[in-house]
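First the structure, in the form of structure tokens, and then the observations on it.
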Protein chains: 6
Amino acid sequence: MTQENFEIFSNNLSHLDNQGQAQMVDVSGKASTVRQAVAAARVRMLPETFAAIQAGNAPKGDVLGTTRLAGIMAAKHTASLIPLCHPLPLQKIEVQVTPCPDLPGYQIEATVKTKAETGVEMEALTAVSVAALTLYDMAKALEKSIQIESIRLISKTGGKSGDYCQSD
Amino acid sequence: MTQENFEIFSNNLSHLDNQGQAQMVDVSGKASTVRQAVAAARVRMLPETFAAIQAGNAPKGDVLGTTRLAGIMAAKHTASLIPLCHPLPLQKIEVQVTPCPDLPGYQIEATVKTKAETGVEMEALTAVSVAALTLYDMAKALEKSIQIESIRLISKTGGKSGDYCQSD
Amino acid sequence: MTQENFEIFSNNLSHLDNQGQAQMVDVSGKASTVRQAVAAARVRMLPETFAAIQAGNAPKGDVLGTTRLAGIMAAKHTASLIPLCHPLPLQKIEVQVTPCPDLPGYQIEATVKTKAETGVEMEALTAVSVAALTLYDMAKALEKSIQIESIRLISKTGGKSGDYCQSD
Amino acid sequence: MTQENFEIFSNNLSHLDNQGQAQMVDVSGKASTVRQAVAAARVRMLPETFAAIQAGNAPKGDVLGTTRLAGIMAAKHTASLIPLCHPLPLQKIEVQVTPCPDLPGYQIEATVKTKAETGVEMEALTAVSVAALTLYDMAKALEKSIQIESIRLISKTGGKSGDYCQSD
Amino acid sequence: MTQENFEIFSNNLSHLDNQGQAQMVDVSGKASTVRQAVAAARVRMLPETFAAIQAGNAPKGDVLGTTRLAGIMAAKHTASLIPLCHPLPLQKIEVQVTPCPDLPGYQIEATVKTKAETGVEMEALTAVSVAALTLYDMAKALEKSIQIESIRLISKTGGKSGDYCQSD
Amino acid sequence: MTQENFEIFSNNLSHLDNQGQAQMVDVSGKASTVRQAVAAARVRMLPETFAAIQAGNAPKGDVLGTTRLAGIMAAKHTASLIPLCHPLPLQKIEVQVTPCPDLPGYQIEATVKTKAETGVEMEALTAVSVAALTLYDMAKALEKSIQIESIRLISKTGGKSGDYCQSD
């Protein structure tokens, strides 16, 4: 690549400066607006594992409740985990864990909101990822081949770059 | 379920006590042995995103280097992120990020080792998950539809429950 | 409870959504105002333990100084410790540790201030709790039966729900 | 105090060196043995607050489940919160939250185990404290005058200084 | 000192209240403005150590890239590390590591920006310090006598106390 | 460099694998032995700054006490701050802050001990660095040109690579 092309490219690759070095880029010139992001993940397992969690979760709710809480708490650690993420105040974190008998397994969805100069996609993605890992952790004695699939951004609103909604 | 069946089930669902409550279970009776776990994840993207990262990463290595480091550091935070994980000393964390032109995208693999009373599956899975999230973060200005796929345990050795190797 | 009653109840139990699930609720619609909270705790001990700390603390101040600092630093970790607390910038944290010969023991009081969409009661309560635990830690070789008592909110100002002042 | 008396005193005040300075003292000469500590706390509230939590907690268990998890996770952060605590691997953390209609309120009890050169009293006390704070947080919209009472060590086993059991 | 003189002095020693006690002082009355700080450090080593790092860093950039990332991530932990620092949102963190053949060694420089009621000198100083420690860590098998030198504030802008620029 | 030479070099540069990639290297084959490291730093300031701290510190000890505590607590966060450091249990952390009228300023020294498969040089160096930053933070309203100098390893004992003692 020529240096000129490289600079164009770097500007598109978040967090790289003109020499291609990773940096936490300056967002102080951006407007502080309400921004929201929604992310999702799936946890796929054997039918008998799914049946066992569904049965066992009934009396106390601890498996899915623990999963949900782990996702909420992880969203607050995003800036510590993802090296170039900006630390932001967060104003809402909601995590839903939905049984999907057809998968079989669980769909996890997280919604995160801030009023800040940059968005919260990484917070929402971190929430669903850690929630999914926690579900794995609680069920791994039943089945080690559980897979976490399709961690993705569903939508993003607020901010100058425009809204985004996953096409299907 | 009868109470008896529930207790059998609870013993299989890691971290639930006999009342179905989430707890960090007692591992003090287990032997402290060398244990290793290997986990993997895939990050799938559009061909042009893949080409841009490959081209842009060449001069400095910062995209894949940052990805790898984020995975290594995250493994050390596993017990803070996953509510019922035991805090353990770790003796090796290795993360590899391999370009896969056919995906297109990247394969991430993490190997973690400890000498302890319980295994390090969650540390290896956390490493690949956070590495994948970091790669997403660095490329998200190029493409928001990047997906993280197939986070899974590849193998596990050491410990009384026997070795595990993902069947293919 | 009927579903209608349950929803009324859930709205009163902070952090539960309409299904009774714990969530970090949306505060983005609330005004960002200066808010302050004051909390207190007491640490009760045997007269000889109190006398020893008072005597020993004189030359260097390390027992009470360490107690105060631990409270200040803990207030900054509140959102990591309390699952559904919003992460907030904090603009003042003050902790006072006062000897109470009549208790005998120490009274701990913390004042925390923010300019944000939600209050800092939990930050003030966390500060006094961890300060009290630290005092226990430093004196536990003298007496294991030290008790931490009466952790409570003293007052709260700012915010739409109105000021609060502990009645006596 | 004479210097000699001060040194005797300092040796009894955990974590002070001979100049009365706070330090994380050397435990490398102590034997690594299995050690366990049990701590407790009470959360006292108005009868109507208690009734509301009991009613509302039924369908999902999220209030008490969140309380329990917060205590478990906090125990793992003890060495970060309490300045002079040794960082230790932990092998068991169990938190129980028991309704006490007569209080009215909740009794919280935590049991922590390690195999290490020093004990886990502070981990058990931190677990019950943060669990109690979390219960306050979830119920504070119902009643701000909830009090956390009687945080104390119930028992301690393992270690050279001998076992301890709270006299009643 | 007289009490009057002591109060004047305390007002100048950041973070001490009128009794000389360390506190996180109230900044809620200050204006929230854009503030920036630049700090620097040097890492001095033997010529052969410098030559080895320069040669070895070429193919992958991992030594200097890891150094830079560690500095960026550490800036985000400043309020956890420095007891009386205010937790702030950060809007830019940039770390540069420059080879200095004449030293021989490396010059590290960090720029941090916020929009807040207080400045980010400590964030910039923490970034260069941890970056320098990380460089030491990666090279310590080659030479244990590497020294970190001259950690200092280069400049500071924004805020009522006026700009500062290191005189040379 | 030839690949062969590069591999020799990589083995000497801690934490690089054979491809020059940063990794947290495997120490599970090393013996767990008692290891100790001592590190030091100097904080240099104007004579009037030094005089003010010395005068102001007298009644309460909070400046130097806070400095010392910050160093102790930071040592426990070393593995979170330094990307490739192994997380270790620590058995002693001692920090001394000594006034040096001739500097003028303060000498900071930290001693850290573990029983583990790898050494604690980075923990001792991190302790003195963060202690020095904390002293800067508390005195920066008096003088912004304070410098932290000569962060270095004084000695290291235990471990196969042999003892090290700084030559003078």
Side-chain angles (χ1 to χ4, degrees), chain A residues 1 6 9-16 19-22 41 52-53 55-60 62-63 65-66 69-70 73-74 77-78 80-85 121-122 125-126 129-130 132-134 136-142 144-153 156 161 164 166-167, chain B residues 1 6 9-16 19-22 41 52-53 55-60 62-63 65-66 69-70 73-74 77-78 80-85 121-122 125-126 129-130 132-134 136-142 144-153 156 161 164 166-167:
Chain A
M1 272 197 280
F6 184 68
F9 161 76
S10 293
N11 289 337
N12 284 326
L13 253 198
S14 305
H15 311 307
L16 291 200
Q19 285 84 46
Q21 295 179 341
I53 295 176
N57 189 60
K60 287 281 172 182
D62 262 16
V63 175
T66 300
L69 269 186
M73 296 179 83
H77 287 122
T78 304
S80 293
L81 291 170
I82 311 296
L84 305 170
C85 257
E121 297 99 302
M122 295 318 301
L125 287 161
T126 299
S129 301
V130 174
L133 289 167
T134 299
Y136 183 99
D137 183 41
M138 298 191 81
K140 70 179 191 286
L142 290 167
K144 286 188 179 37
S145 59
I146 294 168
Q147 289 214 14
I148 301 171
E149 293 179 351
S150 197
I151 299 177
R152 64 200 183 284
L153 184 66
K156 161 184 187 300
S161 72
Y164 168 79
Q166 183 196 32
S167 62
Chain B
M1 274 197 279
F6 184 68
F9 161 76
S10 292
N11 288 337
N12 283 326
L13 253 198
S14 305
H15 312 307
L16 291 200
Q19 285 85 47
Q21 296 180 343
I53 295 175
N57 189 59
K60 287 282 171 180
D62 262 18
V63 176
T66 299
L69 269 186
M73 295 179 82
H77 287 123
T78 303
S80 293
L81 292 170
I82 311 298
L84 305 171
C85 258
E121 297 99 303
M122 295 317 302
L125 288 161
T126 299
S129 301
V130 174
L133 289 167
T134 299
Y136 182 100
D137 183 41
M138 298 190 81
K140 71 178 190 286
L142 290 167
K144 285 187 179 39
S145 58
I146 295 168
Q147 289 214 15
I148 301 171
E149 294 178 351
S150 196
I151 299 177
R152 65 200 181 281
L153 184 66
K156 162 185 188 299
S161 72
Y164 169 79
Q166 183 197 32
S167 62

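The shown structure was predicted, so the numbers you read here are calculated from the model rather than taken from an experiment. Per chain, numbering begins at 1; letters A, B, ... match sequence-line order. In what follows, every heavy atom counts, from backbone to side chain, and hydrogens, waters and symmetry copies are set aside.
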Quiz prompt | Proximity breakdown for B/S150 and chain A, heavy-atom pairs closer than 4.5 Å | solution =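 Both backbone and side chain.
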Self-check item: Top contributor to chain B interface from A/C85, A/P83, A/A74 [non-hydrogen pairs under 4.5 Å]
Solution: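 Option with the greatest count: A/P83.
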Practice problem: Among A/L69, A/L81, A/V130, single out the residue with the greatest number of heavy-atom pairs under 4.5 Å to chain B. | Solution: A/L81
Self-check item: Exercise: identify the closest heavy-atom pair between B/L133 and A/M122
Solution: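 Looking at all heavy atoms of both residues, the shortest contact is O-CE, 3.1 Å.
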Quiz prompt | Smallest separation among heavy atoms of B/A22 and A/D62, with atom names | solution =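 Scanning both residues completely, I find the closest heavy atoms to be N-OD2, 2.6 Å.
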Quiz prompt | CG on A/D137 to CD1 on B/I82, rounded to 0.5 Å | solution =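 The distance works out to 6.5 Å.
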Interface moiety of [X] toward chain B, non-hydrogen atoms closer than 4.5 Å:
{"X": "A/S80", "answer": "neither"}
{"X": "A/I146", "answer": "backbone"}
{"X": "A/S145", "answer": "both"}

Quiz prompt | Working for side-chain contact (heavy atoms from CB on, under 4.5 Å), residues B/Y136 and A/L153 | solution = CA-CA 10 Å; B/Y136 182 100; A/L153 184 66; 3.4 Å; yes
Quiz prompt | Close side-chain approach of A/I151 to B/I151, heavy-atom, < 4.5 Å | solution = yes
Quiz item: Is there side-chain contact between A/L84 and B/M138, with heavy atoms separated by less than 4.5 Å?
Solution: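 Side chain of A/L84 against side chain of B/M138, heavy atoms only: contact under 4.5 Å found.
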Quiz item: How far apart are the C-alpha atoms of B/R152 and A/K144, what are their side-chain angles, what is the distance that settles it, and do they pass the side-chain contact (heavy atoms from CB on, under 4.5 Å) test?
Solution: CA-CA 9 Å; B/R152 65 200 181 281; A/K144 286 188 179 37; over 6 Å; no
Self-check item: Worked check of side-chain contact (heavy atoms from CB on, under 4.5 Å) between B/K140 and A/K156
Solution: CA-CA 12 Å; B/K140 71 178 190 286; A/K156 161 184 187 300; over 6 Å; no
